[in-house]
Amino acid sequence: VLAVAVLIAGINAYVGTSSSQANEDFAKAFSALQDEEYATAATQFGEVAARWASNDVGLLSRVYAAQADLRAGNVDAAAAILKQLEQESL
């Protein structure tokens with residue numbers, strides 16, 4: 001019973017830490033977007049999306065990467081991201 005409790009506590013700590021790190025990574029990219037550093041933001045959101053692909057932060061980062069690409073004038077890159085998202089939602 002103690003081993004199971006320790007295992008559950010370890011899993012909860014890991015999930016909490018990774019969620020916190022994902023949010024920090026997203027905030028850094030969002031800060032670049034707010035500072036109108038669109039190319040930097042697009043790159044950072046892309047990295048967040050790749051690193052955290054298995055959770056909601058990863059998905060949201062892909063949407064923001066497309067937005068940042070659009071603002072940076074990278075229409076083709078934005079369109080590719082949005083097309084991939086559309087295909088995955090079907």
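Each residue takes its place number in the sequence, starting with 1. Values below: all heavy atoms of this structure, side chains included; hydrogens, waters and symmetry mates excluded.
Considering only residues two or more places apart in sequence or on other chains, D25 meets the side chain to side chain contact (heavy atoms under 4.5 Å, CB included) condition with Q21, V48, R51, W52. With sequence neighbours excluded, the residues that form a salt bridge (Lys or Arg N to Asp or Glu O under 4.0 Å) with E88 are R62. Take N23 and apply the side chain to side chain contact (heavy atoms under 4.5 Å, CB included) test, not counting sequence neighbours, and it matches S19, V57. Considering only residues two or more places apart in sequence or on other chains, R71 meets the salt bridge (Lys or Arg N to Asp or Glu O under 4.0 Å) condition with none of them.
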**OP:** Could you walk me through whether L82 and V63 pass side-chain contact (heavy atoms from CB on, under 4.5 Å), step by step?
**Re:** CA-CA 7 Å; L82 295 174; V63 173; 5.6 Å; no
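Using a 4.5 Å heavy-atom threshold, the side chains of L60 and D56 count as separate.
Screening residues 71-90 for ring-ring contact (aromatic ring centres under 6.0 Å, His included) gives no qualifying pairs among residues at least two apart or on separate chains.
Between the side chain of D76 and the main chain of A79, no donor-acceptor pair closer than 3.5 Å is present.
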Side chains of residues 32-45: which donor-acceptor pairs under 3.5 Å do they make with residues two or more places apart or in other chains?
unit_1	atom_1	unit_2	atom_2	d
T43	OG1	A39	O	3.1

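If you take CG on L59 and OG on S54, they are separated by 11.5 Å, rounding to the nearest 0.5 Å.
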